[in-house]
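Naming: A, B, ... by sequence-line order, numbering from 1 per chain. Hydrogens, waters and symmetry mates are skipped; everything else that's a heavy atom, side chains included, is used.
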There are 2 protein chains.
Amino acid sequence: MSRVKPELSRRERQIMDILYRSGAATASEVLARLPDPPSNSAVRTLLRILEEKGHLRHEQDGPRYVFHPIVPREAARRNAMRHLLTTFFDSSNEQAFAAMLDLGKEPLAEEELTRLQEMIDRARAEGR
Amino acid sequence: MSRVKPELSRRERQIMDILYRSGAATASEVLARLPDPPSNSAVRTLLRILEEKGHLRHEQDGPRYVFHPIVPREAARRNAMRHLLTTFFDSSNEQAFAAMLDLGKEPLAEEELTRLQEMIDRARAEGR
DNA sequence: AACATACTGCTAAAAATTTAGCAAGAGCGT
DNA sequence: ACGCTCTTGCTAAATTTTTAGCAGTATGTT
């Protein structure tokens, strides 16, 4: 079971990303958010292909299809995070965390810092 | 200046990832690490293309070329991190951090937790 | 009910990506 | 110096990706 998933093509990835950002979307919605918009027809074809390959499913909503990713966001997250960690951070949580802190232009809210701290405490307690 | 960079194709990305993991590599080294290895010739062509597009440069090392990414790792990191954050974590540092903690099979070392904590303290102090 | 609009399915074609072959040159060991 | 191996440059071809066109069907608006 669970055959190998050949990595997605450029457009396929763009579309999956959009879907993961919005949770679900129709063909036109996807089109609207595509960086380099092709025709509506082109987008639909890609959606159909992604569905055939088992990355999406669709539900009917009145006259149109609403597409959802099949792999749940949390699982996709984990994979993406792991990939990022190994590719750019030598699997170092610290480095990744540091990069995260550096990202935002706004300083982090005091509240947020507190919650992060709590997570660490919890990890300690649970022997994580 | 700085024209738009059309996103990389599948193979191009695989290759750039390898290069970012190893820092630099020859054609054969890249080939050896490719998941779905094509011919050596194919890899070289891709490397040449990536160089033309300005993603790589090469240095001669005796008889062979050693390829380096042009965009420094730290910059590429930031972009990748930002992309991950917006696509899968609604730009929430907390969620991303939580996912990070969940990733490792091994519990985090006490030492590492301490260092993470220090980063937070520092962020507080600096009004980050 | 008729019209305009917004979908879908399917198909063909264009464009891009990906692949590999072949000739030539450099380096290395015998 | 010879032959062997590994490299590159260039080119052509196969494959995949990406695009759009056209016909048909549903929706809903007047």
_Assess, by modelled atom type and distance only, whether the side chains of B:R122 and B:Q117 contain a donor and an acceptor separated by less than 3.5 Å._
no
*Does the side chain of B:E118 reach to within under 4.5 Å of the side chain of A:E94, using non-hydrogen atoms?*
no
Show me the donor-acceptor pairs within less than 3.5 Å that the side chains of residues 64-72 of chain A make with the rest of the protein, sequence neighbours left out.
none

*asked:* Quick one, B:S22 and B:E29 - any side-chain contact, counting heavy atoms below 4.5 Å?
replied: no
*Length of the CD1-C1' vector between B:I49 and D:dA12, whole Å*: 14 Å
*Considering all heavy atoms, the nearest A:L31-A:P38 contact*: CD1-O, 3.2 Å
*Starting from C1' on D:dT8, measure out to CG on B:L46 and report it in whole angstrom.*
16 Å
_Just the rounded figure in Å: distance from C1' of C:dA16 to CD of A:Q14._
14 Å
_Short side-chain to backbone donor-acceptor contact, A:E12 and A:S9, under 3.5 Å_ = yes
*Once you round it to whole Å, what is the distance between C1' of C:dC10 and OH of A:Y65?*
12 Å
*Grab the CD-P distance between B:Q60 and C:dG25 for me, whole Å please.*
15 Å
*Taking atom C1' of D:dT27 as reference, at what distance in whole Å does atom CG of A:D61 sit?*
12 Å
*Nucleotide C:dC7, atom P - distance to CG of A:L31 in whole Å*: 10 Å
*Atom CD of B:E51 to atom C1' of D:dG9: distance rounded to whole Å?*
13 Å
*Can you see which heavy atom on A:A96 is nearest to which on B:M81, and at what distance?*
O-CE, 3.3 Å
*asked:* What residues from residues 36-45 of chain B pass a heavy-atom cutoff of under 4.0 Å to DNA chain C?
replied: B:P38, B:S39, B:S41, B:A42, B:T45
Listed pairs, N/O of protein and of nucleotides 28-30 of chain C, under 3.5 Å:
none

*Which residue pairs pass the ring-ring contact (aromatic ring centres under 6.0 Å, His included) test with at least one member in residues 5-53 of chain A, sequence neighbours excluded?*
A:Y20-B:F88
*If you draw a 6.0 Å radius around CD in A:Q60, do more than 12 non-hydrogen atoms from other residues or ligands fall strictly inside?*
yes
*Below 4.0 angstrom, N of the basic side chain to O of the carboxylate: do A:E126 and A:R124 qualify?*
no
*Under the side chain to side chain contact (heavy atoms under 4.5 Å, CB included) test, residues paired with B:N79 that sit two or more places apart*: B:R82
Table of protein N/O atoms under 3.5 Å from nucleotides 1-6 of chain D N/O atoms:
none

